[in-house]
Amino acid sequence: MAEDSKDYKFSQMILCEGPEDVCFFSTLISERGLPNFHVAHTAEGRNDAGGNSRFGSKLRALRVSQSFRRNVKKVLVVTDSDEDQAASFARVCAQLIAVGLPAPAQIGEIAQGAPAICVLTMPRVGTGNLECCLMEAASATHPQTTAFVEQFVNAVANGPEWTDAKKGKLTLRALMAARWYRDPGIGLVRMFKDNAARRIIPLEHQSFNPLVAFLREFAEQP
Amino acid sequence: MIRSIDVRNFRCFRRLNVADCSRLNVIVGDNGAGKTALMEAIFLPLATSSEVGLRMRQQRGIDGAFQGEANKIERALWGSFFHNNDMNEPISLTLEGDGPESRSLEISRARSESSLKIGEYGERRDTGICFTWKDSAGDFREASPSVGEKLTFPSTGEIMPNFFYYAANQTIGSVEVASRFSDLSQANDHRKFIELFSKEYPWIKDMNVEVYGGSPVLFATLANGQKQPVPNVSSGINRIVAFMLAIANSTNGVVIVDEIENGIHYSHMAGIWRLLLSFARDFDCQLFISTHSQECLSALSKASGKSLDDISLWQIERGEKESSIRQFDGEDLKLALDYHEEVR
């Protein structure tokens, strides 16, 4: 199970960019029976959007917590790949170094320290973000809707300003809206929290298997 | 300004070194972790009388008639000062600083009970406990309490006016408060004090010292024109006034406050911190303040704004054998509070 209490008792944490990521990982952990992780994001409690520039400050804040220092031994930092995966990884590492934490040499590698740190990009390969990762399961589950949504996206988002990451968000949001007539304005946070809406993107889909395997392996690392 | 503190064999600390003390040092930790012990460790070297041992005992709520054998009285009075109650290992408390606060204190006792001396005045006996202070000039002064018809706690004779310690449950005397306000008034600083204080409590329009039942008491003039003794207005306000006056009378000094939040409504905490910081900076006074309250800490975060350079957080952690400390700078503290992390 995942939980977000400020009393940190589990030995590992997933630290992501925003509340959507937290809901995704928390639901994945729960549905796939993964070991306990704290799942947190960089905008928690703050009046800002969080994002990938706040990992350092969030980790700095976490180190003030006695229960975090005492119990959390490993932190998996999850960032969107965006348009340049290497640049995203480097941006996170620079923040880690700036706050005196170990920075891993490569994506998916664990840098030992207190806590040990690993950085993962979403998706693991190529450009994009969480929404891009969710699309494979969503399109496999709703192929017809996906075909219409892709036509729509190709029609309206064909300029150079429409990066892969932005297109990914547009595609997923349009698909979710189309699949959830009760409230087409549904977002990822509410979708993952709603037992029925959650079926729009089934997390048992095989496209999530590599991530599940990675999290399980990460949790088993001493 | 105290720059560093070294504590050996005192209460829950076998060995503790705190470097990089700031203007405002906020001390947090679980019950029994050692917050009060650390504050005592700061205050004891700044004292000049062996009576402080008795005072610390009373502030912790321990009464005693002190009858019986000298060694039992000695153990009751000072045994708990020593780490693991081992009175054979001396206590050493050292403050390094810029001025007269650069002092140390060693508390030691004779190696065995048989060395307790019978004094020349019949029943009077030295307890075997010796307080040895070293001042900023390097001079040593000793004071050994003695047991007779009454306990005697000699002093070194030094005058150390600029250091104040307020225990968590301490009742603050009205004469003491009136006297400090009078000192401020004589220095013509009282108007500034009232102005700053009224910003937080706008219904208090003025303050002055009046003789009330034969004693000087600080009075507040309220918005409705009534004058009331400050302790009757609010015990919390009386406490805050006492802290502010202590700071205002402690140029280049040190004020220690245990559990600042006691008696203060949460809505005033940010204002109180602003006052404390403003006074401490204006009067060049150093503060050591403990709290159990996250609300109180969040208020500090709001009150400090971007001026975090002279603030630090000390977390005291109780270990299996002894307590330890972890220090964070003001930016760490602010970030943790902004993220609603548990910092206490």
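- Note that CG of Leu335(B) is 10.0 Å distant from NZ of Lys58(A), once rounded to the nearest 0.5 Å.
- Counted within 6.0 Å of NZ on Lys169(A), heavy atoms from surrounding residues, nucleotides or ligands total 12 or fewer; the atom is thus considered open.
- Counting only distance, with no hydrogens or angles, the side chain of Glu342(B) and the backbone of Ser67(A) share no donor-acceptor pair below 3.5 Å.
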Q: Could you give me the CA-CA distance, side-chain angles and deciding distance for Glu341(B) and Tyr8(A), then say whether side chain to side chain contact (heavy atoms under 4.5 Å, CB included) is met?
A: CA-CA 10 Å; Glu341(B) 296 301 338; Tyr8(A) 299 104; 2.7 Å; yes
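- If you check the side chains of Ser57(A) and Tyr339(B), you find a donor sitting under 3.5 Å from an acceptor.
- Once rounded to the nearest 0.5 Å, the distance linking CD of Gln315(B) with CZ of Arg69(A) reads 4.5 Å.
- Here Arg63(A) does not pair with Asp332(B) in a salt bridge; the nearest charged N to carboxylate O distance is not below 4.0 Å.
- Neither the backbone nor the side chain of Leu337(B) comes within less than 4.5 Å of any heavy atom in chain A.
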Q: Before giving the answer on side chain to side chain contact (heavy atoms under 4.5 Å, CB included), spell out for Val64(A) and Leu333(B) the whole-Å C-alpha distance, their side-chain angles and the decisive distance to 0.1 Å.
A: CA-CA 7 Å; Val64(A) 181; Leu333(B) 172 61; 5.6 Å; no
(Q) Run the side chain to side chain contact (heavy atoms under 4.5 Å, CB included) test on His340(B) and Glu44(A) for me, step by step, so that the C-alpha distance in whole Å, both residues' side-chain angles and the decisive distance to 0.1 Å come before the verdict. (A) CA-CA 8 Å; His340(B) 297 187; Glu44(A) 260 175 6; over 6 Å; no
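- At a 4.5 Å heavy-atom cutoff, the contact between Asp329(B) and chain A is made by side-chain atoms alone.
- Proximity to chain A (any heavy atom under 4.5 Å) is restricted, for Arg344(B), to the backbone atoms N, CA, C and O.
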